[in-house]
Amino acid sequence: MNNLSARIRNTTLQEKIISAEEAASLIKAGMNIGTSGFTPSGYPKAVPLALAERIRQEKFTVNLWTGASVGKELDAALAEVGGIAKRLPYQTNAVTRQAINSGRMQYTDLHLSHVAPMARAGFLGGKVDVAIVEACAITEAGHIVPTTSVGNAAAFVQLADTVIVELNVAQPLALEGMHDIVTPGLPPVQAVLPLVNVADRIGVPYIPCSIEKIAGIVVSDIPDDVRPLAAVDADAKAMTGHLIKFLQAEIKAGRMPANLLPLQSGVGSVANAVITGLVDSDFSNLTVYTEVIQDGMLDLIDAGKLTFASGTALTPSPQGLQRFYANLDRYKDKLVLRPQEISNHPEIARRLGIIAMNTAIEFDIYGHVNSTHVMGSKIMNGIGGSGDFARNGYLTCFFSSSVAKEGAISCIVPMCSHIDHTEHDVDVFITEQGVADIRGLSPKERARKIIGNCAHPRYRPRLLDYLERAEKATGGAHTPHLLAEALSWHCRFLETGTMQF
């Protein structure tokens, strides 16, 4: 116990250390389980593995609520034994995705800023029965110090009947002090969130929790299962170059300060590559207000270009995580992790004037965006936080390569097969082909700009032909469509394996 006293600082709680199997036994069939974790960072590992083994033997299901995607010890372990009846609000695991798309698991895809308020209001199908939260320490008062993410952990602890703390001794104790926790109330009684600068702290550095609510503490040393990021390819480099030139023009036009406005960047290799590309730009004194802090943001700090970054999770590559741990004291002064209902808060995004940068599976000629579904039916991951920022940003950009599957798919289509973001939410599209600034344009003006600047040359004539025939057939209607053909490109791919004519 002596070696844990620095981490479990309340003597009463030191008597609550139990095994992962004992903790898993507290979970009953049909319960709503709320866990920490946002991306493969800061999620519980030992208890879910023990729970999966119990489910393998006893054959029951639970409902899993998290911050966003999580690591294999949680999503994959429970999905592989058929242990999840319903999952929300976001996932990236292949086993989970297959279960969802085969109808074996129900999935509720939500805007990430909505999850905690909806849970408080009771909109999600019952209460939080058990919260399982990874921590690097527990204070004298029983408060929980998170690790590499916050996500929805604070809300789930607040709402849960029972809390299980997974104390991860592989997570540095030096993470303490990096978090800023606020748990807003429900209407009509809500505190004003006085966050007016990226670096402002408006809460406390721990998740408030009563000692009585903690049913057990499980000691773990399993590291975050962070994933490698793909190498920066030619398309990503081209998109970054287009972005830099566009932002430089915005500064020259007086629409943005020289150090830009706070940047928001989605998760993944393309988003990380775009941020990394800013290292070689002439921008400096940059700030970030986003969900995930990836390698590119560490690169910007190392280059002396980033003054401060606010997020809800550290989501680096394995090499980036080691770099973060090795230089934690230096990075810690420039980073803060908040609950996702704060990191993704629409009011704060609007107040700070966020430059929102997210990726799309496809977008159509009129500016609608599909972020979630392949060929309209099969979920890929989820909407995540892109909608939180897209509708509320000062400037909203979506990135995509112009083609996928070696050119068999055009990522610019006549009509999206599924729509997550309408044309009202987007300002700029960027592909490796160029930039389409659609601010202030009518639908037909947008279509010509998107086709001309963003579509691949292989598909550009077909898209323009579709637009011109639709205009003629509808008598120049506001948003002209040939309804019998609007999704024919997707149908052609499903039938032949290519959208090419």
CZ/R227: more than 12 non-hydrogen atoms of other groups inside 6.0 Å: yes

Within 6.0 angstrom of Q190 CD, more than 12 heavy atoms from elsewhere: yes

Mind telling me whether Y206 and H143 have parallel, tilted or perpendicular rings, with 30° and 60° as the class edges? parallel

Does K444 NZ have over 12 foreign heavy atoms under 6.0 Å away? yes

Is the shortest heavy-atom distance from the side chain of Q91 to the side chain of I100 under 4.5 Å? yes

Considering only heavy atoms from C-beta outward, does the side chain of D225 approach that of Y43 to under 4.5 Å? yes

Can you establish whether the number of heavy atoms outside K305 located under 6.0 Å from its atom NZ is more than 12? yes

Other residues, nucleotides and ligands only: do more than 12 of their heavy atoms fall within 6.0 Å of NZ on K332? yes

Report yes if the distance between the aromatic ring centroids of W489 and Y459 is under 6.0 Å, otherwise no. yes

Among H368, H490, H373, whose ring pair (Phe, Tyr, Trp, His ring centres under 6.0 Å) with H418 holds? H373

Suppose we call two aromatic rings close when their centres sit under 6.0 Å apart. Are F429 and F363 close by that rule? yes

More than 12 foreign heavy atoms under 6.0 Å from NZ of K378: is that the case here? no

Could you tell me whether E445 atom CD has more than 12 heavy atoms of other residues or ligands within 6.0 Å of it? yes

Tell me whether the guanidinium CZ or amine NZ of K334 lies under 6.0 angstrom from the six-membered ring centre of Y331 and within 45° of its axis. no

Considering only NZ, NE, NH1 and NH2 on the basic side and carboxylate oxygens on the acidic side, decide whether D299 and R323 come within less than 4.0 Å. yes

Nearest atoms (heavy-atom pairs only) where L124 meets V115: CD1-O, 3.9 Å

Please evaluate residues R439 and D427 with respect to the criterion salt bridge (Lys or Arg N to Asp or Glu O under 4.0 Å), reporting the C-alpha separation (whole Å), side-chain torsions for both, the decisive distance (0.1 Å), and the verdict. CA-CA 5 Å; R439 290 174 293 182; D427 300 310; 5.4 Å; no

So, do F123 and H114 have ring centers that fall under 6.0 Å from each other? no

For R87, which of D75, N63, T108 qualifies under side chain to side chain contact (heavy atoms under 4.5 Å, CB included)? D75

